[in-house]
Enquirer: 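Here you go, one structure.
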Amino acid sequence: MNDYTAEQVQIKAYFIQERGYWRPWTETVLRHNPAFLKHYAAYAGYPARHGPLSPRMVELIYIALDASATHLFAAGLRTHLGFARKLGVTPAEIFEVFHLVACQGLNHVYDAVAILAEESGLEAGSALSAGQRVRIQRYFHEIPPFIEQIARLDKAYLDVLLDFLEEGGAMQSKGLAPTERLLIEIALAACFTGFNANMLRVRIRGALNLGVTRAEILQAIQLGAHLSIHGTALGATEFEEI
């Protein structure tokens, strides 16, 4: 049995209440720096519990952040998949989140193409067909300059890209709403593990145009900050082993 002080007993109970789990690394931190664990629980728990997003939406965002190729935190992913299923999230919704995660890598293609266009002196202009414009407007809720540049550099690639981006749309009748997709993409673009200012602006504009509130967007942004605790978890685990 753990020989806890009265303060440590209270902190452990508070942490589980706020975060919904207890792990070996939290046990290590509780023994060596209980005040840190207490304040972390309050800091990390705040955006999950305060704001207009539903618990279901919060878990979908956590799933995206932990599954992202910029983070790949399996333990957290398992935890939040479990919470999501208890809240009634369907497999179709979860796999639509995974689709958004797979699309995240394109954000830096867009940035790199913009740099290539600038440095190589690509002339301004449009190579988009009417059909492409409809598809782009439907997906991005605007015609971003980087899409125009991709069309001028490699129009066939743009068609393949749009096909892949739209793949998740076939599941929307039983999956995520367009506003939910945008909130997840905002969280992915805002998180420190894969921050992308250009896509963040595009997705915030799209969300605002669809009626998503500033408070909802802010909460989606806030949810990603405390993923940095996974570095602390790694440190505490290694510390315990030595």
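When a residue number appears, it is its place in the shown sequence, counting from 1. Quick caveat: nothing in here was measured; it's all calculated off a predicted structure.
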Enquirer: Closest heavy-atom contact between R152 and A127?
Expert: CG-CB, 4.0 Å
Enquirer: Give a yes or no on this: more than 12 heavy atoms of other residues, nucleotides or ligands lie within 6.0 Å of atom CZ of R201.
Expert: no
Enquirer: Check the pair R133, S126 against side chain to side chain donor-acceptor pair (under 3.5 Å), reporting the backbone distance first and the verdict last.
Expert: CA-CA 10 Å; R133 285 188 172 277; S126 180; 2.8 Å; yes
Enquirer: Report the C-alpha distance between E59 and R85 in whole Å, list the side-chain angles of each, state the deciding distance to 0.1 Å, and finish with yes or no for salt bridge (charged side-chain N to carboxylate O under 4.0 Å, His left out).
Expert: CA-CA 9 Å; E59 293 305 326; R85 294 307 300 271; over 6 Å; no
Enquirer: Tell me whether R203 forms a cation-pi arrangement with Y139, defined as NZ or CZ under 6.0 Å from the six-membered ring centre and within 45 degrees of its axis.
Expert: yes
Enquirer: Would D163 and R135 pass as an ion pair if we require N to O under 4.0 Å?
Expert: yes
Enquirer: Should the pair E18-K38 be classified as a salt bridge under the 4.0 Å nitrogen-to-oxygen rule?
Expert: no
Enquirer: To the nearest 0.5 Å, how far apart are CE in M57 and CG in L87?
Expert: 12.5 Å
Enquirer: Are the aromatic ring centres of Y62 and H226 under 6.0 angstrom apart?
Expert: yes
Enquirer: Is the distance between the ring centroids of F95 and F98 under 6.0 Å?
Expert: yes
Enquirer: Where do P144 and E142 come nearest, in terms of heavy atoms and distance?
Expert: CD-O, 3.3 Å
Enquirer: Look at atom CZ of R138 and say whether more than 12 heavy atoms of other residues, nucleotides or ligands are closer to it than 6.0 Å.
Expert: yes
Enquirer: Are L176 and F83 connected, step by step, through hydrophobic side chains (Ile, Leu, Val, Met, Phe, Trp, Tyr) whose heavy atoms are closer than 4.5 Å?
Expert: no
Enquirer: Return yes when atom CZ of F195 has more than 12 non-hydrogen atoms of other residues, nucleotides or ligands closer than 6.0 Å, and no otherwise.
Expert: yes
Enquirer: Looking at every non-hydrogen atom in both residues, tell me the closest pair between A207 and I186 and how far apart they are.
Expert: CB-CD1, 3.9 Å
Enquirer: Using 0.5 Å steps for rounding, measure from the CD1 atom of I61 to the NE2 atom of H80.
Expert: 11.5 Å
Enquirer: Rounded to the nearest 0.5 Å, what separates atom CD in E185 from atom CE in M199?
Expert: 7.5 Å
Enquirer: Can you list the steps and then say if E93 with R181 is a salt bridge (charged side-chain N to carboxylate O under 4.0 Å, His left out)?
Expert: CA-CA 10 Å; E93 291 171 324; R181 291 173 62 89; over 6 Å; no
Enquirer: Would a distance-only check, ignoring hydrogens and angles, find a side-chain to backbone donor-acceptor pair under 3.5 Å from S68 to A64?
Expert: no
Enquirer: If I compare all heavy atoms of S228 with all of A225, which pair ends up nearest, and what's the gap?
Expert: OG-O, 3.2 Å
Enquirer: Has Q17 got more than 12 heavy atoms of other residues, nucleotides or ligands less than 6.0 Å from its CD?
Expert: yes
Enquirer: Quick one: closest heavy-atom pair of P47 and A44, and the distance?
Expert: CD-O, 3.4 Å
